[in-house]
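To keep things clear, I will list the structure first and then write my remarks on it.
Atoms considered below: every heavy atom in the structure, side chains included; atoms not considered: hydrogens, waters and symmetry mates. All residue numbers refer to positions in the sequence shown, counting from 1.
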Amino acid sequence: MVSSWPVVPFGRADLLAHARERLAGGGGVLLYGPAGIGKSTILDAIAGAETDALVLRAAAAEAEADLPYLALVDLFDGAPDAAEHLPPHLRAALDGALLRSALPATPHDQLAVRLAVLELLRALAADRTLLLVLDDVQWIDEPSAEVLRFVARRLGEAPVRILAAERITDGDRPTRLDLCPPPGTTLLVPPLPESDVADLLRARFGAEAGRAHLHRIYEASAGNPLYAVELGRALGVAPVPTTDPLPVPDRLRSLLAARLAALPAPDWPALLVVAAAARPSLALLQRCGLAEHHLDAALASSVLDADADGAIRFSHPLLREMVYADATAAARREAHERLADTVSDPVDRARHLAAARPEPDEALAECLADAASAARLRGAPAVAADLAALAADRTPRDTPGVGAVRRLSAAQYAYAAGSPAAARRHATAALRDAADRRTRIGARLLLVEMSGEDHSNSGPLLDAAFVEAVDAPDLLAHVRLYKGVKAYYDGDGEGALAELKRAEEAAELCGDMERLVEVLSWKGNILLGTQGDEYLERAGKLARGLSLTPATVAARQVAAMSRLFKGETGEAVRRIEALRIAVERAGTVRDLASVLVSVAGIYWRAGRCADAVAAGRECVRLYVDVETTPGPGYLVAALAESGGGTATAAAGYAERGLAACLAAGDEDWIKLAYAASGLVHMLRGDPVAAAEALREAYALDQRLGRLDPGILPWHADFIEALVGAGARAEAAEVLDEVYKHARHLDRTVVFLGLARARAVLTAATGEAREGAEALHQAIEEWQDHPYPLEVARAYYTLGGLERRAHRRGAARAALSEAVRRYAAAEAHPWREVAAADLARLDGGRGAGLSETERRIVELVRAGATNREIARALFLSIKAVEANLTRLYRRLNVRNRAQLARVLDPE
């Protein structure tokens with residue numbers, strides 16, 4: 001919107017100062033107030049005063065609210081091209097959304113657009129502060145609003161500020177603060193006092209206006225600057241007789257109508273096209289067959305404003321609304337028909353056709369359905385859902401079955417857009433009106449899918465779908481797959497496998513390879529050990545020949561992990577890296593987040609700890625960004641940090657991961673969360689806390705009946721933690737049980753770890769030499785173990801056992817080998833622990849400290865507080881406290897004074 005009065009913020013000095021102060025402190029500011037109160041003027045004043053910041057602007061309009069990502073198009077129009085910093089999959093998604101490229105052949109992940117904008121803003125803000133100015137946010141199209149909400153929550157410390165304005169009705173509260181990053185501030189733009197209204201009017205219309213005249217205008221306008229200006233324009237500077245009423249705010253429409261009425265009648269068709277268009281311009285007007293001169297009077301009277309690039313707009317949204325509302329229905333339809341014949345964007349064209357033709361019409365319905373597909377390809381499933389619903393509404397009533405097919409599409413788009421209520425409503429309507437069984441079955445299965453893991457009410461839907469699908473193999477495969485999944489979640493493993501077997505047969509009969517991949521993956525996940533691995537391998541092999549979908553990505557991912565569990569680490573790395581590249585190219589961000597779980601895990605076990613840390617950090621960032629439960633991302637980051645990052649970071653991620661998984665209620669991930677927490681406690685030298693966490697994981701193992709020690713190698717640490725906590729009998733029971741399962745499932749990769757645990761248990765009974773000798777033999781047997789960290793850990797434990805056996809030379813050799821192997825794998829936390837033990841073995845008290853620990857000790861000696869240490873080392877206070885706690889435990893001291901004395905240089 002272009003202001004119709006000078007960009008001089010009369011009477012807004014305090015408000016401007018407040019807004020600038022809040023923006024300088026970080027976060028965002030939302031100005032709100034009724035139409036005409038001066039919000040845009042304030043935006044102009046703040047943006048215009050920015051000399052060092054990069055300012056990007058967008059002004060929404062009501063007519064544009066249905067066009068996906070139009071606000072983002074405006075925002076980034078003319079912005080510096082920082083998109084070159086984006087990965088190809090994110091740049092492709094952004095270009096598609098911003099109409100910078102042709103529609104893609106496959107749907108872009110909606111999340112890819114959000115992440116692309118987030119990364120683009122971070123790149124633009126790399127060198128200077130970035131200010132986004134958003135006007136009339138109440139009309140921002142919903143896809144753009146969703147992206148801005150997503151970005152606002154994740155900008156963190158990036159120097160990006162958002163200044164927005166929202167129109168509200170008097171007495172209402174703003175609703176769009178979530179478009180601003182926290183801490184967000186809402187600022188009411190109040191009416192101007194009489195003195196400022198007088199200054200405004202004199203600046204606009206001249207100094208000759210008398211006090212009484214200005215006072216009456218002020219009273220009528222109630223301090224609203226736009227109303228005051230419009231009153232001043234209509235009334236001029238001549239005093240109004242006191243017997244004549246002045247127009248008051250509730251009569252402003254009549255005043256504006258008078259301005260419009262002064263325009264020549266031949267100009268109205270052109271004005272109506274401008275009112276009906278989403279992005280009106282002089283070029284668009286010409287393409288509609290209307291001459292530019294039909295806008296001359298409107299431009300001269302400031303009803304319209306024109307930009308240098310030919311874009312045109314009403315000087316105030318009320319004028320646009322009035323032109324459109326006052327036109328006859330026939331005139332509005334004619335304007336939309338003109339625009340439909342002119343615009344090229346399929347979504348815009350369909351919107352105009354729907355407005356021009358309100359009656360059912362098959363050609364129109366087909367056009368709307370095609371536009372819905374185009375919107376989905378652009379990554380705007382919510383817009384696609386609305387268009388598909390319109391397509392169903394415009395379908396002739398004598399073909400309800402066709403309408404049901406379109407209604408099912410609307411349901412699928414709505415579900416993809418995260419609108420389950422709308423999806424359920426559309427799916428139910430499709431089921432009611434469907435004339436063919438495929439639509440009915442599709443609607444029923446979508447309703448089942450929307451139930452998540454709660455299949456308590458899905459039985460009747462599946463039974464009805466089964467009856468209709470019984471003689472159609474492709475439909476039957478789909479239905480039986482869902483019946484198998486329901487049985488699995490109901491705790492009926494045998495029933496699940498039986499249904500999946502039949503689904504497999506049906507999929508093979510009809511040649512539905514994608515469904516077959518999905519069925520085989522489910523079977524492989526339910527079955528454990530070699531049998532399950534065979535199904536996973538088969539699914540992964542089939543999936544490599546198919547296009548990427550969530551089902552084929554998952555199949556290839558678990559097939560790579562099954563190779564890892566067999567000890568084929570090199571093959572697992574090759575497969576997961578190929579899958580990661582393919583998923584990144586496809587731009588499927590949610591799939592990429594899932595794949596990175598395996599990337600980090602495989603690198604970790606392959607002894608590539610630095611690569612694991614990088615993948616883990618990217619994984620947690622994506623899990624947080626994509627707004628799924630972040631638990632898995634935190635856990636992957638925790639394990640990666642425990643291998644190649646820092647113990648402090650690992651502990652922080654593990655704590656957040658456990659909390660997130662408990663909140664989500666997924667027991668498989670809860671088990672892994674407790675396991676990750678226990679492993680981090682072991683790294684930090686706290687076997688009691690480790691045993692508590694790992695007991696919880698083991699209890700879930702037992703209750704779920706899925707004890708597979710190869711999935712995540714934590715059971716040996718559990719046994720060692722139990723020994724350290726004094727629970728030797730429990731440790732022996734767990735060792736026997738886990739070893740039995742490892743042999744049954746042929747998980748030979750865990751044998752070295754179990755040998756380590758058995759040696760620790762043996763030494764705890766007073767037979768340190770016997771335990772050390774047994775572990776030495778196991779290391780000799782497993783020198784070529786596929787997991788390098790397992791061998792390094794065995795040497796580290798051997799060093800401790802040899803020390804307890806009073807064989808210092810053997811202990812020194814084992815610890816030195818552990819340090820060497822940890823260093824080769826870039827396993828920095830474990831290398832530090834092993835190096836510290838080696839230093840203590842040689843009598844050194846200060847050796848083996850990390851650089852961070854040495855700096856902390858130096859500052860402790862200097863008398864610095866924890867807060868001062870944190871500030872000096874750019875750490876959090878919690879990180880300082882955690883490092884000190886670890887030093888106290890490692891050096892057997894109780895306080896800062898003892899720590900300083902113990903490590904004083906001699």
Looking at [Y], is its backbone amide N or carbonyl O close enough to the side chain of [X] to form a donor-acceptor pair, meaning the two atoms are under 3.5 Å apart?
{"X": "R161", "Y": "T129", "result": "no"}
{"X": "R167", "Y": "D136", "result": "no"}
{"X": "Q138", "Y": "I168", "result": "no"}
{"X": "D66", "Y": "D386", "result": "no"}
{"X": "S144", "Y": "I140", "result": "no"}
{"X": "D141", "Y": "L70", "result": "yes"}
{"X": "E166", "Y": "R176", "result": "yes"}

Answer yes if the side chains of [X] and [Y] hold a donor-acceptor pair under 3.5 Å, and no otherwise.
{"X": "T185", "Y": "R22", "answer": "yes"}
{"X": "Y32", "Y": "R173", "answer": "yes"}
{"X": "D44", "Y": "T41", "answer": "no"}

- Crowded around D52 CG? As in, over 12 foreign heavy atoms under 6.0 Å?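 Count not over threshold, so no.
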
- Item | Qualifying residues under side-chain contact (heavy atoms from CB on, under 4.5 Å), relative to A228, sequence neighbours excluded |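 By the side-chain contact (heavy atoms from CB on, under 4.5 Å) rule, A228 matches V197, L201, I217, S221.
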
- Task: Name all residues meeting the side-chain contact (heavy atoms from CB on, under 4.5 Å) criterion together with A340; count only those two or more places apart in sequence or in a different chain, and write none if there are none.
- Result: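 Partners of A340 under the side-chain contact (heavy atoms from CB on, under 4.5 Å) test: R349, H352, L353.
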
- Report the C-alpha separation of R338 and E334 in whole Å, then their side-chain angles, then the decisive distance to 0.1 Å, and conclude whether the salt bridge (Lys or Arg N to Asp or Glu O under 4.0 Å) test is met. CA-CA 6 Å; R338 286 178 183 270; E334 182 181 353; 3.6 Å; yes

- Check the pair L192 / N224 against side chain to side chain contact (heavy atoms under 4.5 Å, CB included), numbers first and verdict last. CA-CA 7 Å; L192 290 175; N224 184 298; over 6 Å; no

- Message: Can you tell me which residue among D135, D305, D307 is in a salt bridge (charged side-chain N to carboxylate O under 4.0 Å, His left out) with R313?
- Response: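 Only one of D135, D305, D307 forms a salt bridge (charged side-chain N to carboxylate O under 4.0 Å, His left out) with R313, namely D307.
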
- Cation-aromatic face contact R154/F150, 6.0 Å, 45 degrees: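 Geometry flag: set, cation within 6.0 Å and 45°.
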
- Query: In Å, rounded to the nearest 0.5 Å, how long is the span from CG of L339 to SG of C288?
  - Reply: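 Separation between the atoms: 4.5 Å.
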
